[in-house]
2 protein chains.
Amino acid sequence: MNDETYHDGRHHGACVHGTARPCCRHAGGAGQGALVEPAALAALLGGAAHGYDLRRAIGELTNGQLDVDPGGLYRVLRRLETEGFVVSEWAGSGPGPQRRNYELSEEGRDLAEGWVVHLRERERLSGLLADVLTEALAKEAPTE
Amino acid sequence: MNDETYHDGRHHGACVHGTARPCCRHAGGAGQGALVEPAALAALLGGAAHGYDLRRAIGELTNGQLDVDPGGLYRVLRRLETEGFVVSEWAGSGPGPQRRNYELSEEGRDLAEGWVVHLRERERLSGLLADVLTEALAKEAPTE
DNA sequence: CTGCACTATATGTTGGCCTCATATAGATGT
DNA sequence: ACATCTATATGAGGCCAACATATAGTGCAG
């Protein structure tokens, strides 16, 4: 009603500024750090699948926490293929739109292992910074 | 010696690809997500200071885990000032290069609180994705 | 006296990512 | 016929970290 801020599950309401002003950190991935690539790798580890199914698998694997943009997902799959981490081919013709089947290569499995390390580091740094901020806010007691 | 990879504490050796190829994820903040702004806010919560000192404070607050680029730090401080989260002025003339003193505004404190929420979310998602990947890798037992 | 390292502030540039937008095409249900 | 879902894809904007580069003041060692 008179709540003019967005509530569509995207970044509008989750802007770090906590305001309705145009959020300056919802593009370019600098907000959270890359997520689509590791999510795609996780889904592919569960077995070969087509793009649309991988997106669904990501949602299931993360209990609905991650809903990756299909545009970004296909872009990542393409790039991972050009880099040799994924292999894909058009699936046999059946009813419905043409499907492309994606499968992880051995190098892709190694890449996934690398991402675990990277994500743990991000988790650690995020927690560390959140702790530092929390303590600093607590010390800076209201004096007004 | 014959180890051709970098070892200068930057992202070279920490590339998510785990290879010596030009790491494609060490620029644009997409690697870890934004860190300079919350770190700057944390340092400013400790009291007004000049830029160079804030960088040192960040190092201390994070036990050496974070060594922010001075270029980026000054850029963030400037932007935070134009956005009203920080106030600064040239310090009185003394020996040495000219210094600028930065101080958090009330809005800046609110912004810092918003960053705690954001960082906890990033911590949570990073941990979730790392868990998902770890479990998927464990299930995909070596069959070769 | 010179050169180097530190202090202190700053701008330029590049590459990658997320988000949002838009597009094409096949199938199904109302 | 239209809306929705399935399925694949490209374009564009904005942000960030990292690296580079610049200017200027100071102190110290050789």
Side-chain angles (χ1 to χ4, degrees), chain A residues 6 8-12 14-17 22-40 49-56 66-81 83 88-91 93-102 122 125, chain B residues 6 8-12 14-17 21-40 49-56 66-79 81 83 88-91 93-102 122 125:
Chain A
Y6 271 81
D8 60 0
R10 295 218 173 79
H11 289 277
H12 306 279
C15 168
V16 298
H17 293 96
C23 179
C24 54
R25 275 170 204 82
H26 58 66
Q32 289 280 13
L35 289 170
V36 179
E37 179 170 315
H50 62 282
Y52 204 85
D53 229 18
L54 288 171
R55 177 166 181 248
R56 264 208 300 265
L66 254 189
D67 185 18
V68 302
D69 176 59
L73 178 58
Y74 285 105
R75 208 160 356 226
V76 162
L77 288 172
R78 282 291 187 163
R79 197 191 62 234
L80 288 175
E81 182 163 26
E83 291 170 344
S88 79
E89 62 187 358
W90 287 105
S93 60
Q98 205 69 3
R99 291 174 171 189
R100 199 171 182 89
N101 218 53
Y102 298 91
R122 187 193 295 172
L125 279 177
Chain B
Y6 272 82
D8 60 0
R10 296 218 173 80
H11 289 279
H12 305 280
C15 168
V16 299
H17 292 97
R21 79 189 185 98
C23 179
C24 53
R25 274 171 204 79
H26 58 67
Q32 291 282 11
L35 288 171
V36 179
E37 178 170 315
H50 62 282
Y52 204 83
D53 228 18
L54 289 171
R55 179 170 180 244
R56 263 208 300 265
L66 256 188
D67 185 18
V68 300
D69 175 60
L73 178 58
Y74 285 105
R75 207 161 352 230
V76 162
L77 289 171
R78 283 291 186 163
R79 196 190 62 236
E81 182 164 26
E83 293 172 341
S88 80
E89 64 187 357
W90 287 106
S93 61
Q98 204 69 3
R99 290 177 170 189
R100 199 172 183 88
N101 218 54
Y102 297 90
R122 187 193 296 172
L125 278 177

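Keep in mind the model is a prediction, meaning the values are calculated, not measured. Proteins come first, then strands; the chains are lettered A, B, ... in the order of their sequence lines, and each starts at number 1.
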With a 4.0 Å limit, can you tell me whether [X] has a side-chain N or O closer than that to the phosphate oxygens OP1/OP2 of [N]?
X	N	value
B:Tyr74	C:dA10	no
B:Arg99	C:dA8	yes
A:Arg79	C:dC17	yes

Donor-acceptor under 3.5 Å (A:Tyr74 side chain, A:Tyr52 main chain):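 Judged by distance alone, yes, a pair lies under 3.5 Å.
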B:Leu125 backbone acceptor or donor facing A:Arg122 side chain under 3.5 Å: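 Absent.
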A:Asp67 with A:Arg55: basic N within carboxylate O range, under 4.0 Å: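 Looking at A:Arg55 together with A:Asp67, the answer is yes, because their closest N to O distance falls below 4.0 Å.
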Using a heavy-atom cut-off of 4.0 Å across all strands, would you classify [X] as base, sugar-phosphate, or nothing?
X	value
B:Arg75	base
A:Gly51	sugar-phosphate
B:Val76	nothing

A:Arg56 vs A:Gly72, nearer the 5' end of DNA chain D by closest nucleotide: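 It is A:Arg56 whose nearest nucleotide is closer to the 5' end.
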Nearest to side-chain heavy atoms of B:Pro95, which nucleotide of D:dT8, D:dT26, C:dT19: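 Closest of the options to the side chain of B:Pro95: D:dT26.
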Of B:Gly71 and B:His50, the one whose closest DNA chain C nucleotide lies more 5':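 By nearest-heavy-atom nucleotide position, the 5'-most residue is B:His50.
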